[in-house]
Amino acid sequence: MTGFWTQAFTITRRDLLRERRSGEVLWVTLPFGAIALLLVPLAIGTDTRTLEAIGLGMFWVIVMLFGVLIAVRQTNTETQAQRDQVALAGIDPAAAYVGRSLASFLLLVVFETVLVFVTIVLYDIPLVGFEWMPLVILLVAAGLSLLGTLAAGIVSTGRSAAALVPLLVAPLSVPLLIGATQTFESLRYGRSSLAWILMMTIVTLLLGVAGVLSARTLQETG
Amino acid sequence: MCNTLRLVSGTSPIVDLESVSVRVGATHILRDINLSINGGDAIGIFGGNGAGKTTLLRLIATLIMPASGTATVFGVDVATDERYDIRTRIGYVGHTPGLFPEMTLSENLGFVAHAMGIDPEEADRSLAAVGLAGAANRRAEVCSHGMQRRAEFARVLMTKPDLLLLDEPHSALDADAVELVDALVARTLDAGGAAVLVSHDKERVLRVATEFAEIAGGTLS
């Protein structure tokens with residue numbers, strides 16, 4: 001029997017290996033995200049003030065949609081036979097939850113990092129308070145990956161369809177979305193953004209605790 | 001009515017099912033099952049499609065919970081969290097391969113080896129033992145069904161379980177691989193373990209089974 005973190009990292013490594021081979025999530029959605037960011041200016045015109053005002057908001061909305069996509073993908077990646085083998089390899093469901101979340105987290109960080117540069121270029125966003133961007137990117141990625149993995153676990157119970165994933169992820173990710181946008185809004189107007197960062201941190205921690213505590217129950221009903 | 005199969009060849013059974021029923025929704029998949037399996041037993045369970053064979057194996061593998069009755073495996077009630085501690089002692093080969101298609105056969109076994117703390121080199125050694133040395137670096141998705149099943153037997157060979165559960169073990173296998181299944185069962189029994197083989201192919205299973213039972217409509221006889 002191996003330790004919790006060894007098991008979690010084994011799951012992370014497996015998920016990243018499968019993603020590298022299939023390229024289904026990152027290499028399909030990254031261009032999609034960039035194109036979506038490009039389409040908005042084409043749709044609303046070249047009013048630079050408007051673009052500057054909505055740019056970061058558009059970025060976070062697309063990040064949220066990517067989080068939904070990862071969660072939907074997770075519901076389809078494992079067959080019952082594969083889940084059985086993972087269980088009989090002695091992997092604690094909580095470790096599997098953490099491992100899968102970690103893999104999603106890394107994919108989200110890559111996605112956010114690439115797209116934030118695309119957003120800055122396309123929308124000519126003033127870089128006020130951007131020293132906070134790495135922290136906010138990490139918090140949003142952590143929150144969305146934990147939430148997405150939890151949602152994937154819930155719908156994997158078979159009592160609801162994978163189509164329900166967006167209905168779970170989208171509303172529950174609102175605190176993260178608001179926290180991310182308001183952090184930079186506050187900084188732009190010279191106010192403290194700590195309250196928003198604290199809110200995102202608490203939401204992320206709560207999601208992590210909920211996911212770990214419910215992992216065994218979700219696996220057994222799956 | 002209580003359907004009982006009592007096999008007594010030791011004092012502490014590896015598997016002990018007492019009046020166990022399993023339901024999915026309102027449908028009874030298994031009804032009032034009593035089964036005791038001791039070390040050295042190789043039980044063949046036969047039945048047609050939908051008889052409850054796979055559900056019985058998954059119950060013994062601690063992968064599903066009984067709706068009523070008591071199921072203990074290695075002395076652990078499968079309805080408790082202690083089942084997580086005994087799962088690595090169980091080797092289960094389902095009728096559908098559980099390999100990850102994007103990963104090579106070697107990576108698939110390596111994944112299990114890492115999770116269980118087994119030397120990863122054992123993965124390649126086990127693949128070689130089932131005649132898949134040349135296919136170790138081939139992705140599972142491009143392997144035939146028979147090769148995938150062999151790889152699953154290699155996994156069981158690597159993990160050395162005390163309880164071997166085989167679902168339709170002879171399907172999609174050539175003659176050499178059938179011998180492999182027999183050898184795997186014999187090795188498990190020699191080490192003091194037990195095996196359960198569910199199948200609709202009586203002839204082949206009876207070559208290795210020490211006892212057998214029929215299952216129909218979710219009841220054992």
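Below, read A as the first sequence line, B as the second, and so on, with proteins coming before strands; counting in each chain starts at 1. Because the structure is predicted, anything quoted here is derived from the model rather than measured.
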Taking a cut-off of under 4.5 angstrom between non-hydrogen atoms, the residues of residues 14-22 of chain A near chain B are A:R14, A:L17, A:R18, A:R21, A:S22
Residue part contacting chain A, namely of [X], when any heavy atom lies under 4.5 Å:
X	result
B:R89	neither
B:L99	backbone
B:P161	neither

One thing to verify: whether [Y] and [X] come together as a salt bridge, which I'm taking to mean a side-chain N less than 4.0 angstrom from a carboxylate O.
X	Y	result
B:D77	B:R83	no
B:R58	A:D84	yes
A:R216	A:D92	yes

* Heavy-atom pair count under 4.5 Å with chain B, highest-scoring of A:T10, A:I11, A:T79 ->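 Option with the top pair count is A:T10.
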Highest number of heavy-atom pairs under 4.5 Å with chain B among A:R13, A:Q85, A:E78 belongs to A:Q85
Report yes or no: do [X] and [Y] form a side-chain donor-acceptor pair below 3.5 Å?
X	Y	value
B:R31	B:S21	no
B:D167	B:T54	yes
A:T149	A:S101	yes

Here the gap from A:W60 atom CH2 to A:T183 atom OG1, rounded to the nearest 0.5 Å, amounts to 8.5 Å
Is it true that A:F32 and A:F66 have ring centroids separated by less than 6.0 Å?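 Judged by ring-centre distance (under 6.0 Å), A:F32 and A:F66 do not meet the cut-off.
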